[in-house]
Structures are given as structure tokens and as C-alpha cells.
Amino acid sequence: MNIKIGLTGGSGNMGVEALKQFLELEFIDKINLLLRNKKRNHSFAKKLKKQYPNKINVIYGNIENQDDCLKLVEGTSYIFHLAALIPPMADHNFEQTDLTNNVGVKNLLRAIEKQKNQPKLIHISTVGIYGNRDYHHPWGRVGDPLLPSPYDVYSITKLKGERAVLESNVKSWVILRQTGVLHKNLLKDNISDGLLFHTPYNVPIEWVTAEDSGVLLRNILVQDYKQTIDEKFWKKVYNIGGGELNRVTGYETFQEGFGVMGVSVEEFMKPNWNATRNFHCMWFLDSHILNDYFNFQSQSLHSFWEDILNSHKYFKLAKIISPKLLSKLVLGPLLKDENAPYYWVKNELTPRVIAAFGSVEQYNSLPETWDNFPVLAKGRTPDNEIIDYNELKDISHAEKYLLNHGYDENKKDEDIDIDDLREAALFRGGKLISTSMVKGDLYTPLEWESHSGRRFILSPYAVIKAGHWDAIQELPEPWNYDELAKTNPFYAQIWYDTHSENEENRYYFDGDVAKIKQKEI
């Protein structure tokens, strides 16, 4: 029997690739495509309707509107939710970002819950919710602490949206935390804003291409439709990553991009242009799980940049034209953008500087030339100690870098009992209020209490398997991780990798104006 599916974010970079894959499937009778009522989307939809007149049903609206969500969901067997407001736009408009990434998800969930025959939900989350990583814990997995970096309103709103899925009455769902996406508009999207300078040179990143991500979503749909999928796949959270060939650092990412042009990152950029902390991304120990299920990882960071070069032949001129001149013309204006760390320093936006570098003094201590800047990919830690970088990124050594989740992870799910949950709650600075549970039941919500005495209801799966807790649900402000880390060992084990224990900062966000208040003692 043919089916109908619903898709949000279909005109986005990942959505376009997913849509291409879905349109090839003969068993899909109709695709409900929810698009914002914009000129660009009308042009996009017109081309689609011309090529697939009977397969595409365009709904102009957005997920902020409950009725639009009902139109999208009605009669569908699957909903693929890819829509999100992402940086750099998300950095400049918190209210709209929250409406799209948080409120919109809740509208969509309510629409699904109202259906007599509920469609299955494939929800795209983000690696951003894990927060900052460096060489101390470059490897991560689902279940790690969720600490979206201060001022990262995109990630905190995505975290709230993901939490809503976990708390919903949708019967069949899966959450896919997407890593950094390599897409054909990557260069265009990063030369209009200071966003690219948020990426630390030494941050571990596991990329994936938009095309591979589209294949992943196609294969999920195909296997479930054919009933060849493992039923244990559903009601879980997974990390989407590109695998071994896509595990690099920020420095290597820039170097690959400039390298295909025949030049070096060190000819184009300076070491004190980019933040040294307050980012996100990591290498995934568990990104193989989705690939084992759906066999989608085929492209690499290097092949992506090669494809970019082949489609933009004029990039080869970079070898001929002075890199210094090109840098001045292309990157120079971005340094002056209000979203660039360099702008924060020059305009004395001290809270932003503290978040990105630790302090004004630490920023001022950064070398202006590459001769003295420690590059992790070259075997030097940010503390200027020698490290075997190849061993660091060897997955066979990853276990020693993993974070503690606060309970006996060697236990099978069916053997987890209330004592495991009590132990996990204590490790998070709180306690389990509920006095009983069915052994192995990870989905019946229980009552918990945070370190502050705040009580909340959440499933054991969300807490011990997905990394959720209560303390950050009131964000975006203040971001008070310095305070939370003092009472929450679960958070402290990652926060103190890039923050000192004597920091007492609270970060506040008010549009583009930031302020900082010292904790009162």
C-alpha cells in the first residue's frame, strides 16, 4: 500500500537532499511539504510541482501555527521534522528562534497526538546541545551531559524541542542529533557573518554531508516500510556523524577548505581570530550505530571540498592572487561583524569575550602568528603540551576519554532498577523522589528533584540514556554553569575541561546586548 509522508524544512540544506531521496521512492504516494510563505519557497515549490505534479502537496505556513501542523500531519504515516532556525540567523533573533525550534515542535507534537492513527516521528536535533568539547574529552556519545554553550540560543531552543519529544504522547518517535553538515551552500552561508570565527581551531568535529544525511532518512523510511527495521530502533536517541574520515579539528576543516585552492589556512587566517572555547561538536563513539542500521556514510570532508572546487573552478585563482589580499577582502569585513569574537574584543563586550576565551587577559595572550600557536592536529595541546594526535583520534583508544553517566552502564536495559536511578540522580546533584519502578521500564515517567529542590517529571530513558536533567530548562538566561558545576558532578566533569573552578560567571542574553553578573557570595 502506498503511503503519505510529511516533511518540514524541505527547502533547507539537509531537507533538499532528503526530499530528493524521497521523491525516488515509488511507494510514496504523496509528500506533504510545509514551507514558509516566501518568494524563494514559491519558486522552489513551482519547480517541484512541475516535475512531480501528483506527488507534492505544498502547504504554505509554518509550525508556529497549530492549524498548519494539522494540515501537514493529516493522513500521513511518517513525519520528518527537519525545520529549524539555525545560526547565524538564530544568533540575532531569540524570540523567532524559540518559536521555531521549541514552540513549533510542541505544536507539531500536539498535531500528531490528535491523529487516530499516529504517524511515526523522525525528529532532527543537534550536536550543539552537548556544548563545548576539547582534547580532554574529544569523544562523546548519547547520554553525555547536555550543556548548550552560553549565548547559543539555537542549541538551547533545540534542546527544549527535543525534550518536548521525550515528554510527548507520540507513540513512535526517534531523535537524531545531527552533527555539523557539509552542504553546497556552506561557503555562501559563512561569508556574510562572523559565525565562522566561533569555531575553535582545536575543537574536535565529526562532519557529515547533507547528501549522506538524506540517504540516512531515505533508508530509515525504506526499511521501516518494508518491515525490515529492528523495532528496538524506535524511541531512542542517536548521533548522526560521518564516521572516521570526517573526524578532524577546526584547524583541519579550514585547512581542507583552503587546501583544495592550493593555499593554507595559515595564509588566510590568524590564530587570535577564532574563539578558543564556548562552541560545540565532538567525535562520536556511537555514530557507527546508525550506519550499522542504515549504511549511509559514504562521503568525506576531503571529497566534499574536492566537489566544491570542481563546481567553483575560480577557486583555483586563490593560488595566483595574493592570499593576504584575498583574506583582507573576504575575511576582513567579517572580523568587524557584531557576531565575530574580534568585534567583541574591540568593542569591549567583556561577557562575550569571557565566554569565548576565558578572559580579556587570555585573549590578549594569544599569539598573533602561527609560529607560537599550539595546534592540536600538529601534536600540541592548547596548554602547549606534546600529544599523540593520531592516538587521540583513534577510536580504539576512545574509551579512556568517555564521560561518566552516573550508573552501571554494563547493565542491560532490562536489568536497570531503582537503585541505578538513585545513583544517577545523586551524580547529577539531585535525587529520585519516586519510590518504585518496574525493573527495566525506562519509559514510564518518574519524579526527580534537582539540587535546587525543583521537582520535575521525566522518564528514566531521558535522564540516564539521553542526558537530560532539569537544571537548564529555564534558559536562555542566565547561563549559570559555573554555579551548577559546583553541585553537579555530571556537569562538572566536562565543564572544567575549559573552565576554572574559581569562575563565578552568569551570562545573560538580551537581543544582541550581553551583560554579565558575578555570583553573589
Side-chain angles (χ1 to χ4, degrees), residues 129-133 136-137 139-148 156 159-160 162-163 166-167 175 177 235-237 282 285-286 399-475 478-506 519 521:
I129 66 177
Y130 292 110
N132 195 64
R133 291 296 181 111
H136 291 95
H137 293 98
W139 291 92
R141 60 211 165 115
V142 172
D144 281 357
L146 306 179
L147 290 171
I156 190 62
L159 175 60
K160 290 183 177 183
E162 177 180 307
R163 175 75 165 256
L166 289 163
E167 294 177 326
I175 295 171
R177 292 174 181 164
K235 298 187 75 172
K236 299 284 196 313
V237 180
M282 58 187 175
L285 180 69
D286 56 4
E399 290 285 344
K400 64 182 179 181
Y401 297 104
L402 297 184
L403 297 170
N404 184 359
H405 289 177
Y407 70 101
D408 184 0
E409 293 184 67
N410 292 318
K411 278 189 172 183
K412 295 180 180 179
D413 287 1
E414 56 264 31
D415 295 327
I416 291 175
D417 58 27
I418 197 165
D419 288 333
D420 296 304
L421 302 186
R422 288 172 176 150
E423 184 181 357
L426 286 172
F427 190 60
R428 288 153 177 77
K431 58 185 177 182
L432 178 67
I433 300 300
S434 296
T435 58
S436 64
M437 70 168 288
V438 176
K439 186 177 181 179
D441 178 6
L442 300 185
Y443 291 96
T444 298
L446 301 176
E447 187 175 16
W448 312 76
E449 184 176 287
S450 70
H451 78 287
S452 65
R454 177 187 172 98
R455 294 191 177 186
F456 59 99
I457 306 296
L458 200 58
S459 71
Y461 179 85
V463 172
I464 67 172
K465 296 294 184 179
H468 284 262
W469 192 240
D470 184 61
I472 56 177
Q473 289 308 301
E474 295 308 307
L475 290 173
W479 281 272
N480 61 335
Y481 300 148
D482 287 331
E483 178 183 342
L484 294 177
K486 288 176 171 54
T487 60
N488 189 323
F490 186 54
Y491 292 166
Q493 64 183 325
I494 188 66
W495 187 246
Y496 290 139
D497 284 352
T498 50
H499 297 78
S500 67
E501 294 187 24
N502 61 7
E503 288 187 56
E504 300 281 355
N505 297 317
R506 285 189 173 204
K519 177 185 175 185
I521 298 176

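Taking CZ of Phe490 as the start and CG of Leu484 as the end, the distance is 13.0 Å to the nearest 0.5 Å. How far CG of Leu458 is from OG of Ser434: 11.0 Å, rounded to the nearest 0.5 Å. Here Leu446 contributes atom CG and Phe456 contributes atom CZ; the two are 10.5 Å apart, rounded to the nearest 0.5 Å. Within the model, atoms OG1 of Thr444 and CD1 of Ile457 stand 12.0 Å from one another, a figure rounded to the nearest 0.5 Å. Annotation: the span from Arg163 atom CZ to Leu159 atom CG amounts to 7.5 Å, rounded to 0.5 Å. Atom CG of Asp408 and atom CG of Asp415 lie 9.5 Å apart (nearest 0.5 Å).
A donor-acceptor pair under 3.5 Å links the side-chain atoms of Arg133 to the main chain of His137, judged by distance alone. The main-chain N or O of Glu501 is found under 3.5 Å from a side-chain atom of Lys486 such that the two form a donor-acceptor pair. At least one donor-acceptor pair under 3.5 Å links the side chain of Tyr461 to the backbone N or O of Val237. Looking at Gln493, its side chain does come within 3.5 Å of a backbone N or O of Asn404 through a donor-acceptor pair. Under a 3.5 Å cut-off, the side chain of Asn480 and the backbone N or O of Glu483 do not form any donor-acceptor pair. Asp144 places no side-chain N or O within 3.5 Å of a backbone atom of Leu403 that could act as its donor or acceptor partner. A donor-acceptor pair is defined here as one N or O able to donate and one able to accept, closer than 3.5 Å; no such pair exists between the side chain of Tyr407 and the backbone of Ile416.
The minimum heavy-atom distance linking Gly140 with Asp286 is given by the pair O-OD1, 4.0 Å. Across every non-hydrogen atom of Val142 and Tyr130, the tightest pair is CA-OH, 3.6 Å. In plain terms, the two heavy atoms of Pro489 and Gly429 that are nearest each other are CD-N, 4.2 Å. Nearest heavy atom pair, residue Leu146 against residue Gly467, reads CG-O, 3.5 Å. Taking both residues in full, the closest heavy atoms of Met437 and Ile418 are given as SD-N, 3.4 Å, listed atom of the first, atom of the second, then distance.
Taking 4.5 Å as the limit, every side-chain heavy atom of Asn488 sits out of range of all side-chain heavy atoms of His451. For the pair Trp495/Asp497, no side-chain contact is recorded, criterion being any heavy-atom separation below 4.5 Å from C-beta on.
Salt bridge Lys411/Asp417: present, at least one basic N to carboxylate O contact under 4.0 Å.
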Discussion item. Would Trp448 and Leu421 count as a side chain to side chain contact (heavy atoms under 4.5 Å, CB included) here? Give the steps.
Written reply: CA-CA 10 Å; Trp448 312 76; Leu421 302 186; 4.0 Å; yes
Item to complete: Please step through side chain to side chain contact (heavy atoms under 4.5 Å, CB included) for the pair Val463 and His468, ending with a clear verdict.
Response: CA-CA 5 Å; Val463 172; His468 284 262; 5.6 Å; no
Practice prompt. Start with the C-alpha distance between Lys236 and Lys465, add both sets of side-chain angles, then the distance that settles side chain to side chain contact (heavy atoms under 4.5 Å, CB included), and finish with yes or no.
Written response: CA-CA 9 Å; Lys236 299 284 196 313; Lys465 296 294 184 179; over 6 Å; no
Discussion item. Apply side chain to side chain contact (heavy atoms under 4.5 Å, CB included) to residues Thr498 and His136 and explain how you reach the verdict.
Written reply: CA-CA 9 Å; Thr498 50; His136 291 95; 5.6 Å; no
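No hydrogens or angles considered: nothing links the side chains of Trp479 and Asn505 as a donor-acceptor pair under 3.5 Å. Side-chain contact of His499 with Glu503: a donor-acceptor pair under 3.5 Å is absent, judged by distance alone.
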